[in-house]
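Order of listing sets the numbers, starting from 1, for every ligand and every atom in it. Every heavy atom of this structure was used, including side-chain atoms; hydrogens, water molecules and symmetry mates were not.
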Amino acid sequence: MASAFDVIVIGGGNAAFCAALAARESGASVLVLECAPQEERGGNSRFTAGAMRVAYNGVDDLARLMPDLTDEEKANTDFGAYPEDQFYDDLCRVTQYRTNPKLAETLVGRSFETMMWMRSKGIRFAPIYGRQAFKVDGRFKFWGGLTVEAWGGGPGLIDALYGAAERNGIEVWYESRAAELIHDDDGVHGVVVRKHGRTTSVAAQTVVLATGGFEANAEWRTRYLGPGWDLAKVRGTRFNTGDGIRMALEIGAMPCGNWSGCHAVGWDRNAPEFGDLSVGDGFQKHSYPFGIMVNARGRRFVDEGADFRNYTYAKYGRAVLEQPGQFAWQVFDRKVAHLLRDEYRIKRVTKVSAETLEELAGKLEDVDPRGFLEELRAYNAAVRADVPFNPNVKDGRSTRGLAINKSNWANTIDTPPFEGYAITCGITFTFGGLRIGDDCAVMNIDGAPIRGLYAAGELVGGLFYFNYPGGTGLMSGSVFGRIAGTSAGRAARS
Ligand SMILES: Cc1cc2nc3c(=O)[nH]c(=O)nc-3n(C[C@H](O)[C@H](O)[C@H](O)COP(=O)(O)OP(=O)(O)OC[C@H]3O[C@@H](n4cnc5c(N)ncnc54)[C@H](O)[C@@H]3O)c2cc1C
C-alpha cells in the first residue's frame, strides 16, 4: 500500500476542504483526492456565486464576519436580520417539513460560527449587493435571507480554500479518482485510487467522503430522478457522478433522503452539456418573478411570483423540464428591464427583442404565436393594478381569475421594448445520498456508524426535499464538512 495518511478526504470542493482543514486542526496528516485536473478543480463549489445563507442578528454580526464593511455601506444599507428561527422555518417550509430536524438544527445553529471559523482560515466574505438587495429611496434593502457571499464568488472561495490547505500542509492529489473504499469488519482503512490512470491503494485511519451528488451521471439521473432527466443540462462540474455514494453503498451504507429529487433551475437553452467555468452560473435566468414564463404552446405553467426567487428557483427547473420540448421563454417589458440580474447581460445569452408583442410572438422560437398572444392578453387583463409594485417585499400585486395566477410582482407586459429569453432545465445537484450521524459518521443499513467513514456536502441525504433555500448548499458543505473533518481527525488520532 502507498504511503499512509491519518485522514483521506475524497473530493475537491468546499465540503472537502472544510473537512480537510478541520481534520488538520486536530493534528492529523491529511490527503485530499480530487479527480479533476488542477485547471478544473473545485467541484460545483467553484461554479457558484459563493452565496452563503447564514443566520445573523443584525449588522453587528455581519461586521464581525465582514470587517471590511465600511461605515458608508452600513449607513446606506438595511441589512435587517436573519435569525436562526427564520432560517430554520424557511428550510422546513420549502422542504415541505421533510428535512431531518437534527440536520437542519445543526446546519442553522452552526452556520454563523462556521463562517467565523472559515474567516479564521483566511476566507473572506462580502455583502451580495448585486443580486439580493434592491435600492429603495437611495438605500439598499436586503431581502430573502441571503446576504453574504464569499469574496470573489465560487472561484474566490476555492482559491482561498486551496491556499489555506497549502499553508496548513495538506497534500492534494489531482487527477486522482477514488474507486473503492478499503474496508473489513472493523471499518474503513483506506482508499483504492486511480491516480493519473494508475491504480494504487492508500492507507488511512479515517476517510471523509465529499464527492458531491450524482447530477453529472446521466444514467443515474434517469434511474433515480426519472425519465427525461437524461435531457437536463448540468450546471456545474462534470465530475460529480455519484462515486462517493456508490462506494459507501457498496460497503453497506444506508441511503437516505429525497433520491428522486434535485435542485434544478431555468438555464440558457443553448448552454453546453456541462458547466463552463468561464461563464460560471451566468447561464441561469432567475428574474422570472418580474415577468412571465411560457411554454411551446405559449401558455404559462407556474406561478412566477409565488415567493422570492430564493424559494422557487430550485424547483422551477423541473417544471421547465416537464414542458413540451423541455424549454420555456421568459418574457419581460421595459418597466422591469432594470431589475434583471447580471446574468441577462452576458454575451452567451439566447435572447430576442421586439417593439411590439406581435413581433415578439413571431420571434419566440418553437412557440405557438397565437397561443402566446392569447395568454398574454388574458394575463395583462388579470393584473391587479390597484396594488403597488415593490420588488423588495412580497407585494401581493397579483393576477385574478387565471388558471395559474401570479401571486406577487404582477405587472402588465405592454411597454416596449419587449425581451424574451429561452431557457431549459439545468440540474444543480441531487438531494438523495447517505445517512449520517451527529458526528457526520456514515451510518450502515442497520443504523450503526461505519467505523472510519464520514461524509459531508451534497452527498448527505435528508436535508433537502423537493426544494431548497438559495445559498444553503455551500453552508451545508461548510458546517458538515467541518464536523466531519473534526470527527475524522480526532478518530484518526485517538
Ligand atoms: C452553477 C451553480 C451555482 C451555484 N450557486 C450556489 C450558491 O451561490 N450558493 C450555494 O450555497 N450553493 C450554490 N450551488 C450549489 C453548490 O455548488 C453545492 O451545493 C456545493 O458546492 C456542494 O459542495 P460539495 O463540496 O459537496 O461538492 P463539490 O463542490 O461539487 O465537490 C465535489 C468534488 O468531488 C470530486 N469528486 C467526485 N468524485 C470523485 C472521486 N471518485 N474521487 C475524487 N474526487 C471526486 C469532484 O471533482 C469535486 O471536486 C451552485 C451550484 C452550481 C452548479
Side-chain angles (χ1 to χ4, degrees), residues 8-20 31-38 40-54 111 128 131-132 146 148-150 153-154 157-158 161-162 172-181 191-195 208-217 233-247 262-265 267 271 274-277 279-284 286 310 313-314 343 426-431 433 455-460 463-464 468-478 480-481 484:
I8 295 179
V9 178
I10 312 178
N14 175 55
F17 277 86
C18 288
L31 169 66
V32 172
L33 299 175
E34 162 62 299
C35 65
Q38 187 163 356
E40 290 181 80
R41 71 182 186 184
N44 273 349
S45 304
R46 179 156 165 207
F47 283 87
T48 70
M52 295 183 74
R53 183 168 292 257
V54 57
S111 59
I128 316 179
R131 294 176 163 188
Q132 297 289 325
L146 198 47
V148 184
E149 67 188 354
L157 172 66
I158 286 300
L161 286 167
Y162 277 76
V172 181
W173 293 0
Y174 295 104
E175 294 177 61
S176 296
R177 181 178 282 277
E180 258 176 71
L181 298 170
V191 180
V192 177
V193 191
R194 290 273 294 169
K195 185 181 183 190
V208 180
L209 298 169
T211 48
F214 57 86
E215 55 275 0
N217 182 334
K233 308 223 179 201
V234 177
R235 296 178 66 203
T237 178
R238 63 195 171 94
F239 294 100
N240 288 4
T241 48
D243 282 11
I245 300 175
R246 175 188 53 75
M247 288 186 282
C262 67
H263 181 301
V265 309
W267 192 247
F274 297 106
D276 178 336
L277 280 167
V279 178
D281 67 359
F283 290 124
Q284 69 195 6
H286 288 178
N310 294 347
Y313 78 112
E343 67 232 21
I427 182 169
T428 320
F429 66 94
T430 46
F431 291 158
E458 277 178 5
L459 83 180
V460 169
L463 203 48
F464 308 126
Y468 153 105
T472 319
L474 287 173
M475 187 48 78
S476 156
S478 297
F480 295 107

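- Taking 4.0 Å as the cut-off between side-chain N and carboxylate O, Glu215 and Arg235 do not count as a salt-bridged pair.
- Taking any N or O of Ala51, backbone or side chain, at least one lies under 3.5 Å from an N or O belonging to ligand 1.
- Neither the backbone nor the side chain of Ser476 has a heavy atom within less than 4.0 Å of ligand 1.
- In Ile10, the part holding a heavy atom less than 4.0 Å from any atom of ligand 1 is the side chain.
- The side-chain contact (heavy atoms from CB on, under 4.5 Å) test with Cys35 is passed by exactly one of Tyr174, Trp173, Phe239: Phe239.
- Every atom of ligand 1 with a heavy atom of Gly236 under 4.0 Å away is listed here by number and element: 53 (C).
- Below 3.5 Å of separation, one finds an N or O of Leu474 facing an N or O of ligand 1.
- Contact detail for Thr211 and Asp243: the closest heavy-atom pair is OG1-C, 4.4 Å.
- Although no hydrogens or angles enter the test, the distance criterion places no donor-acceptor pair under 3.5 Å between the side chain of Ser478 and the main chain of Ser476.
- Residue contacts with ligand 1 for Ala179 are absent, since no atom lies close enough (heavy atoms, distance under 4.0 Å).
- Heavy-atom proximity to Gly50, at under 4.0 Å, picks out these atoms of ligand 1: 8 (O).
- Contact detail for Leu146 and Gly471: the closest heavy-atom pair is CD1-CA, 3.9 Å.
- Contacts between Phe274 and ligand 1 below 4.0 angstrom, taking non-hydrogen atoms only, are absent altogether.
- Of all protein heavy atoms, the one closest to atom 27 (O) of ligand 1 is Gly212 CA, 4.0 Å.
- Those atoms of ligand 1 that come under 4.0 Å of a heavy atom in Gly43, given as number and element, are 28 (P), 29 (O), 30 (O), 31 (O), 48 (C), 49 (O).
- Contact record, Met475 with Met52: CE-CE, 4.0 Å, taken as the closest heavy-atom pair.
- Where the criterion is an N or O separation shorter than 3.5 Å, residue side chain and backbone included, Thr237 fails it with respect to ligand 1.
- At the top of the distance list for atom 28 (P) of ligand 1, counting protein heavy atoms only, stands Asn44 N, 3.4 Å.
- Heavy atoms only, all atoms of each residue included: Ser176 and Lys195 are closest at OG-CG, 3.2 Å.
- Closest approach of Glu458 and Gly212 over heavy atoms only: OE1-CA, 3.4 Å.
- Remark: ligand 1 and Ser45 share an N or O pair separated by less than 3.5 Å (distance only, no angle test).
- Put simply, no part of Met52 is less than 4.0 Å from ligand 1, judged by heavy atoms.
- The line from CZ of Phe274 to CD of Glu40 is 10.5 Å long, rounded to the nearest 0.5 Å.
- Residues forming a side-chain hydrogen bond (donor to acceptor under 3.5 Å, both in side chains) with Tyr313 (at least two apart in sequence, or on another chain): His263.
- By the 3.5 Å distance cut-off applied to N or O atoms, Ala15 is counted among the residues near ligand 1.
- Heavy-atom proximity to atom 19 (O) of ligand 1, evaluated over Gly473, Ser478, Pro37, is greatest for Gly473.
- Under a 4.0 Å heavy-atom criterion, Tyr174 is not in contact with ligand 1.
- Between Gly12 and Ile158, the shortest heavy-atom contact is O-CD1, 4.3 Å.
- In terms of polar-atom proximity, defined here as any N/O pair under 3.5 Å, Asp243 does make such a contact with ligand 1.
- Asp281 contributes no side-chain N or O that, together with a main-chain N or O of Thr48, makes up a donor-acceptor pair within less than 3.5 Å.
- Under the 3.5 Å distance criterion, the side-chain polar atoms of Thr430 are left unmatched by any main-chain donor or acceptor of Gly213.
- Looking at Ala178 next to ligand 1, an N or O pair under 3.5 Å apart turns up.
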Residue pair Phe429, Asn44: steps toward the side-chain contact (heavy atoms from CB on, under 4.5 Å) verdict: CA-CA 8 Å; Phe429 66 94; Asn44 273 349; 4.3 Å; yes
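- Ligand 1 has Ser176 within reach: a non-hydrogen atom of the residue lies less than 4.0 Å from it.
- The closest non-hydrogen atom to atom 32 (C) of ligand 1, taken over Asn14, Asp281, Asn240, comes from Asn240.
- Atoms of ligand 1 lying under 4.0 Å from any heavy atom of Gly12, numbered from 1 in the order shown and given with element: 33 (C), 34 (O), 35 (C), 48 (C), 49 (O).
- At a 3.5 angstrom cut-off on N or O pairs, Cys35 counts as close to ligand 1.
- Listed by number with element, the atoms of ligand 1 under 4.0 Å from a non-hydrogen atom of Gly457 are 26 (O).
- Look at Gly275 and you'll find every heavy atom at least 4.0 Å from all atoms of ligand 1.
- Residue contacts with ligand 1: Glu458 is placed with a nitrogen or oxygen under 3.5 Å of a nitrogen or oxygen of the ligand (distance criterion only).
- If you number the atoms of ligand 1 from 1 as listed, the ones under 4.0 Å from a heavy atom of Gly13 come out as 25 (O), 29 (O), 31 (O), 33 (C), 49 (O).
- When side chains are defined from C-beta on, Arg41 does not count as touching Val172, because their heavy atoms never get closer than 4.5 Å.
- No N or O atom of Arg235 sits closer than 3.5 Å to an N or O atom of ligand 1.
- For the pair Leu277 and Arg46, the minimum side-chain heavy-atom distance is below 4.5 Å.
- Distance alone, capped at 3.5 Å, is enough to place a donor-acceptor pair between the Arg53 side chain and the Gly470 backbone.
- Of all atoms in ligand 1, numbered sequentially from 1 with element shown, those under 4.0 Å from a heavy atom of Thr428 are 50 (C), 51 (C), 52 (C), 53 (C).
- Atom 35 (C) of ligand 1 has its closest protein heavy atom at Glu34 OE1, 3.5 Å.
- Nearest protein neighbour of atom 12 (N) of ligand 1, counting heavy atoms only, is Tyr468 OH, 3.5 Å.
- The closest side-chain heavy-atom distance from Ile10 to Leu181 is below 4.5 Å.
- The contact set between ligand 1 and Phe47, taken as ligand atoms under 4.0 Å from a residue heavy atom, comprises 1 (C), 2 (C), 3 (C).
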Step-by-step side-chain contact (heavy atoms from CB on, under 4.5 Å) determination, Phe283 to Asp276: CA-CA 9 Å; Phe283 290 124; Asp276 178 336; 4.2 Å; yes
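- Residue, atom and distance of the protein heavy atom nearest to atom 13 (C) of ligand 1 are Thr48 CG2, 3.4 Å.
- Within the 4.0 Å heavy-atom criterion, the part of Thr472 lying near ligand 1 is the backbone and not the side chain.
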